[in-house]
Student: 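Take a look at the following structure, please.
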Amino acid sequence: MSKQESQGFRTRAVHAGHGLDPVTGAHAVPIYATSTFGYGNAERGARLFAGEEPGYFYSRLSNPTVRAFEEKIASLEGAGDAVAFGSGMGAASAVALTFLKAGDAVAFVGPLYGGTEGLLRDILGRFGVTVHEARDVEALRTLVSDRTRLVWLETPTNPTLKVVDLRAAAKVAHAAGALVVVDNTFSTPYLTRPLEFGADLVMHSATKYLGGHGDVIAGVVAGSTDLVAELRLHGLRHVGAALGPFEAYLLLRGLKTLPLRMEAHCANAQALAEALQDHPALQALHYPGLQGHPGHEVAARQMRAFGGLVSLDLGSQEAAFAFLDHLKLFTQAVSLGDVESLSSHPASTTHQLLGEETLARQGITPGLVRLSVGIEDPEDLIRDVLGALEKVPVSAGR
Ligand code: PLP
């Protein structure tokens, strides 16, 4: 067992991926703000470019601050390696462009984040890739074939908080010879490590909980050394959505408190969901930590706690908008996973481009509101939500 594997998650969140700076002894990882690195002589330059000697030579491909972030994520996900990108969508498109070709099929258990579905349906479709949407793992079984190269999963799903059984889905995908990629943005490696359930690749919008403070846009993918090397070559070197060193520094800083933040997010979300159970203004309440949630048992098996997102259905867009407009502590803004609480209306924002038919099929109703529960005092958050629900006019569907 390596030293890192023998250390606990909180220790690795603080220490993995870096030590003292070898030149100055700096305790925090320095921001290596440089686009290129002098390689000294032509022979060494040739060796670096051929991959025959490790080292830095151009920051689109690798940078010491970014590398520390990648190594920390690899450690936290229990992966052989990781590669960082300039956004979650940069990571997703790199995965698609690296592992798919014309004639292949992709299957996913929907809904996925709206941007990911847009990438799969609108862009890959134009390049001869067939896209299949499954409602659940059973339906996935009937949709995969020997043409299926990737099975794309997200759990809990954005924004309906459906739970996907990773082990069962990975079995189906592998039987068809497909690679499994799991978007772990909502769970983070603190709650779920998809590679332990059979995934081949795990990706993140690091913009969310990994950064945690709402001040960075970033993405990352972890997996075996071989798959990550392929991704770095094709998805990063040739596609180019590289992460900057300043963003990597912010991520390294945020990750040190990931376990502590996730504990607070999960405890607050659980308390809020319990306070909202049976509320007369709600047509539905989605939180995997509630006993009545259809994915509760699977979530209990594959998650350490149930996450920081709670979704509510108020029955109509009018009621949802009235509720959102009366919240005081939950800033109305897309994104999630910040220490501050956020609220949004997915059907008219993040998922709008999917169109009415897909939204209806996936349960992203006009009345659905997504709450990203922050780390504030739970009593204040509960008071804010209950107060805003009180203000929703009965005529709006209460
Ligand atoms: N995956 C999920 C689950 C998301 O919620 C998001 C963004 O909201 C993305 C991917 C895309 O990430 P980014 O906004 O960092 O490009």
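Atoms within a ligand are numbered from 1 in the order they appear, just like the ligands themselves. Everything numeric here is computed off the predicted structure, so don't read it as measured data. Note that the numbering runs from 1 along the sequence shown for the chain.
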Student: When you measure from atom 6 (C) of ligand 1 to every protein heavy atom, which one gives the shortest distance, and what is it?
Tutor: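 Heavy-atom neighbour on the protein nearest atom 6 (C) of ligand 1: K208 NZ, 3.4 Å.
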Student: In ligand 1, which numbered atoms sit nearer than 4.0 Å to a non-hydrogen atom of S87?
Tutor: 15 (O), 16 (O)
Student: Could you find the nearest protein heavy atom to atom 11 (C) of ligand 1 and give me its residue, atom name and distance?
Tutor: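 Answer, as residue, atom name and distance: Y113 CE2, 3.4 Å.
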Student: Taking only heavy atoms of D183 into account, list the atoms of ligand 1 that are under 4.0 Å away from them.
Tutor: 1 (N), 2 (C), 3 (C), 10 (C)
Student: Without swapping roles, check the side chain of T98 against the backbone of V95 for a donor-acceptor pair under 3.5 Å.
Tutor: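 A pair under 3.5 Å: no.
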Student: Relative to atom 16 (O) of ligand 1, which among M203, H204, M89 owns the nearest non-hydrogen atom?
Tutor: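 The residue whose heavy atom sits nearest atom 16 (O) of ligand 1 is M89.
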Student: Does a side chain donor of either E77 or H204 reach within less than 3.5 Å of an acceptor in the other side chain?
Tutor: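 There is such a pair (donor and acceptor under 3.5 Å, judged by atom type) between the side chains of E77 and H204.
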Student: Check ligand 1 against A218 and write out every atom of the ligand that is under 4.0 Å from a heavy-atom position of the residue.
Tutor: 15 (O)
Student: Is the backbone of Y32 close enough, under 3.5 Å, to the side chain of T65 for a donor and an acceptor to pair up by distance?
Tutor: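 A pair under 3.5 Å: yes.
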Student: Among protein heavy atoms, which sits nearest to atom 15 (O) of ligand 1, and what does the distance come to when rounded to 0.1 Å?
Tutor: T207 OG1, 2.6 Å
Student: Report yes or no: does S335 have a heavy atom closer than 4.0 Å to ligand 1?
Tutor: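 No.
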Student: If you round to the nearest 0.5 Å, how far is CG of L309 from CG of L371?
Tutor: 8.5 Å
Student: Counting each atom of ligand 1 from 1 as listed, which ones have a heavy atom of T185 under 4.0 Å away?
Tutor: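 Taking each heavy atom of T185 in turn, ligand 1 has 1 (N), 2 (C), 3 (C) under 4.0 Å.
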Student: Any N/O of N158 closer than 3.5 Å to an N/O of ligand 1?
Tutor: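 Right, the criterion is met.
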Student: Side chains of L260 and R10: does their closest heavy-atom pair fall under 4.5 Å?
Tutor: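 When only atoms from C-beta onward are counted, R10 and L260 do touch, with a gap below 4.5 Å.
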Student: Grouping I, L, V, M, F, W and Y whenever their side-chain heavy atoms are under 4.5 Å apart, do L233 and L227 come out in a common cluster?
Tutor: no
Student: Could you say whether the N/O atoms of E154 and ligand 1 ever approach to under 3.5 Å?
Tutor: no
Student: Evaluate T116 against M89 for side-chain contact (heavy atoms from CB on, under 4.5 Å), listing each step before the verdict.
Tutor: CA-CA 7 Å; T116 313; M89 286 314 301; 4.1 Å; yes
Student: Would a 4.5 Å heavy-atom cut-off, applied to side chains only, mark D165 and R301 as touching?
Tutor: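 The answer is yes, as the side chains (C-beta and beyond) meet within the 4.5 Å cut-off.
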Student: Taking only heavy atoms of G88, which atoms of ligand 1 are found under 4.0 Å from at least one of them?
Tutor: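 Going through ligand 1 atom by atom, the ones under 4.0 Å from G88 are 12 (O), 13 (P), 15 (O), 16 (O).
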